[in-house]
*Asks:* 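Okay, handing you the structure first.
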Amino acid sequence: MKKKICIISTIVLLAAVVLAGVLVRGDRFSLEINGNKIDKEEFLDAVSRRRYEVTAYFTGKEGSSTDAGFWEREIDGEIPYRKLADAAVEELKYFHAVYGLAREKGYVEDDSYASFLKRWESENALRKEKIEKGETVYGLSEYTKELYLEYETDTIQKSYCQDLENEGIEVTEEDRELYYEEHKESYEREDDRTLDYIKIPWEEEGMSGRQAEESKKILTSIYKKMDEEHSLSELAAENAEISPYLFHAEVAASELSAYSRSINDVLSFAWELKKGESTAVLEENGCLYLIECIERKENAPASMEEVKDHINKTLRESRYDEIIAKRAADAAVECDMERIYFFLKKHINE
């Protein structure tokens, strides 16, 4: 009997040792990308950058909250923490594709994550010192890690695209012509519009409901009289109560942005009007409107010569992105993904 108990105890002990060994090996973090050893901090930072995206993927909408069991719960055949681990590895492949190329081109001396962190800390220390000395600091007074990464990767892209000797940066006339024809619609210009309009902000001016109703009746009367021989401006000028609210706007396509800030409401109501057409009397947000389109001139699309620099920039950035995407896809990754999954599972709710 004692011998039997001894055997059982030995088996239990061996099982415990094996289980402990599995747990220790499973928790051991080991990941290399293109020969760069990725430590736990770098991996978890990559997890943080992709966490929101993966959460939205499973919840079906941005900004959704998750409970403690969300990451380990199977959803449509997928487990969130495993998908997040995969996404983090892809994020790291992209990071090292960008910084590997940057090192080769001399934009950074060291493409490691540790070196990135040092540059981030140095930049923030420099900005803090300047602020304390009363010197001008442009942009942010302090970068978060994520914003500094965005800033530095943008700078690397610009540096690459400005060097015409780099792969993919030369843009030929044929390249521009092809891109222009394929995207011609995006270079169309808005029509020039000439508008006469009445806008009575009765609520803002403290008019009573009765006064607003009287103004609306006058506008309706004017609207009914408008035809080819009687314009809004002529009819409104004849009425002393309405004429102070009569305005004229010549909205050229080149000035559309400025007009959108000042009379966006009027433009939205008049947008589809053709020459000689008018709106009916409108009432929106405490205002009365009556708008007539006096002239509408169609503009030709921007010529290729006008948008040449924009096309060059777009094509170069697109080619840079393709180069980085290929480098990331071809990255040499050495790891045991099951160990990566195990590690993230343990740390996901921290």
Side-chain angles (χ1 to χ4, degrees), residues 8-100 111-117 120-121 143-150 152-153 321 324-350:
I8 293 173
S9 299
T10 301
I11 293 171
V12 171
L13 181 59
L14 286 172
V17 169
V18 170
L19 178 59
V22 169
L23 291 174
V24 169
R25 288 194 302 274
D27 193 37
R28 192 191 312 152
F29 185 88
S30 179
L31 172 61
E32 283 191 17
I33 295 177
N34 289 340
N36 293 282
K37 290 187 176 181
I38 311 300
D39 63 20
K40 295 177 182 180
E41 179 185 5
E42 181 176 358
F43 176 74
L44 290 175
D45 282 349
V47 165
S48 179
R49 293 196 296 272
R50 298 297 290 269
R51 186 176 185 128
Y52 186 85
E53 170 196 319
V54 174
T55 301
Y57 171 84
F58 283 103
T59 59
K61 57 183 178 179
E62 296 182 355
S64 297
S65 59
T66 57
D67 56 45
F70 165 78
W71 293 104
E72 296 181 39
R73 187 181 305 125
E74 185 174 325
I75 302 173
D76 295 332
E78 296 181 289
I79 301 176
Y81 81 84
R82 294 173 73 92
K83 188 171 186 66
L84 181 54
D86 292 337
V89 171
E90 291 302 310
E91 176 77 8
L92 291 167
K93 287 166 64 177
Y94 175 82
F95 175 93
H96 287 283
V98 170
Y99 280 89
D111 61 348
S112 69
Y113 192 66
S115 180
F116 161 77
L117 292 177
W120 167 55
E121 291 166 355
Y143 282 103
T144 63
K145 198 183 299 181
E146 290 74 17
L147 285 176
Y148 186 73
L149 178 60
E150 183 179 324
E152 196 167 66
T153 52
D321 290 342
I324 295 301
K326 186 176 188 311
R327 280 178 166 247
D330 294 343
V333 180
E334 293 185 22
C335 70
D336 181 341
M337 280 308 298
E338 289 303 322
R339 287 184 181 177
I340 300 294
Y341 295 145
F342 184 85
F343 171 80
L344 184 55
K345 183 179 180 181
K346 287 186 64 178
H347 294 275
I348 190 64
N349 290 314
E350 291 181 354

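Below, all heavy atoms of this structure are taken into account, side chains as well, without hydrogens, waters or symmetry copies. Numbers here are sequence positions counted from 1.
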*Asks:* Hey, does Leu117 have a side-chain heavy atom less than 4.5 Å from the side chain of Lys145?
*Replies:*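 They are in side-chain contact.
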*Asks:* Can you give the donor-acceptor pairs under 3.5 Å from side chains of residues 29-37 to other protein atoms, not counting sequence neighbours?
*Replies:*
unit_1	atom_1	unit_2	atom_2	d
Asn34	OD1	Ala332	N	2.8
Asn36	ND2	Ile33	O	3.2

*Asks:* Using the test side chain to side chain donor-acceptor pair (under 3.5 Å), find all partners of Tyr148 that sit at least two apart in sequence or belong to another chain.
*Replies:*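 Tyr148: side chain to side chain donor-acceptor pair (under 3.5 Å) contacts with Glu152.
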*Asks:* To the nearest 0.5 Å, what is the distance between CZ (Phe58) and CG (Leu84)?
*Replies:* 9.0 Å
*Asks:* Using every non-hydrogen atom in the two residues, find where Ala46 and Glu91 come nearest and quote the distance to one decimal.
*Replies:* CB-CG, 4.0 Å
*Asks:* Would you say Arg51's side chain and Ile348's backbone share a donor-acceptor pair under 3.5 angstrom?
*Replies:* yes
*Asks:* Give, for atom NZ of Lys93 and atom CG of Asp330, the distance between the pair rounded to the nearest 0.5 Å.
*Replies:* 8.5 Å
*Asks:* If you apply the rule side chain to side chain contact (heavy atoms under 4.5 Å, CB included), what do you find for His96 with Glu42, and how did you get there?
*Replies:* CA-CA 11 Å; His96 287 283; Glu42 181 176 358; 2.7 Å; yes
*Asks:* Let me confirm one number: the CZ-OH distance from Phe342 to Tyr81, rounded to the nearest 0.5 Å.
*Replies:* 9.0 Å
*Asks:* For residues Thr153 and Glu150, report the shortest heavy-atom separation together with the two atoms involved.
*Replies:* OG1-O, 3.1 Å
*Asks:* Taking salt bridge (Lys or Arg N to Asp or Glu O under 4.0 Å) as the test, write out the residues that go with Glu121, two or more places apart.
*Replies:* none
*Asks:* List the atom of Ala97, the atom of Ala328, and the distance in Å for their closest heavy-atom pair.
*Replies:*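 So the two residues come closest at CB-N, 3.7 Å.
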*Asks:* Could you give me the CA-CA distance, side-chain angles and deciding distance for Tyr341 and Ile79, then say whether side chain to side chain contact (heavy atoms under 4.5 Å, CB included) is met?
*Replies:* CA-CA 10 Å; Tyr341 295 145; Ile79 301 176; over 6 Å; no
*Asks:* Are Glu350 and Leu44 side-chain neighbours, meaning at least one heavy-atom pair lies under 4.5 Å?
*Replies:*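 Not touching, per the 4.5 Å side-chain cut-off.
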*Asks:* So which heavy atom on Asp111 is nearest to which on Gly100, and how close?
*Replies:* OD2-CA, 3.7 Å
*Asks:* Check the pair Leu92 / Tyr113 against side chain to side chain contact (heavy atoms under 4.5 Å, CB included), numbers first and verdict last.
*Replies:* CA-CA 10 Å; Leu92 291 167; Tyr113 192 66; over 6 Å; no
*Asks:* Drop me the distance from Lys345's NZ to Arg82's CZ, to the nearest 0.5 angstrom.
*Replies:*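 If I round to the nearest 0.5 Å, the distance is 9.0 Å.
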*Asks:* Within the structure provided, determine whether Phe70 and Ile75 are in side-chain contact (heavy-atom separation under 4.5 Å).
*Replies:*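 Side chain of Phe70 against side chain of Ile75, heavy atoms only: contact under 4.5 Å found.
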*Asks:* As an exercise, state the distance from CG of Leu344 to CD of Glu72, rounded to the nearest 0.5 Å.
*Replies:* 9.5 Å
*Asks:* Which atoms form the tightest heavy-atom contact between Arg50 and Ala87, and what is the distance?
*Replies:* NH1-O, 3.3 Å
*Asks:* What is the minimum heavy-atom distance between Val54 and Pro80, and which atoms define it?
*Replies:*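 Of all heavy-atom pairs spanning Val54 and Pro80, the closest is CG1-O, 4.1 Å.
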*Asks:* Can any side-chain N or O of Trp71 pair as donor or acceptor with the backbone N or O of Asn349 at less than 3.5 Å?
*Replies:*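 Absent.
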*Asks:* Apply side chain to side chain contact (heavy atoms under 4.5 Å, CB included) to residues Met337 and Asp86 and explain how you reach the verdict.
*Replies:* CA-CA 8 Å; Met337 280 308 298; Asp86 292 337; 3.3 Å; yes
*Asks:* Decide yes or no for Val47 and His347: does some side-chain heavy atom of the first lie under 4.5 Å from some side-chain heavy atom of the second?
*Replies:* no
*Asks:* Which distance, rounded to the nearest 0.5 Å, do you find between the CZ of Arg49 and the CD of Glu146?
*Replies:*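 Going from CZ on Arg49 over to CD on Glu146, the span is 7.5 Å.
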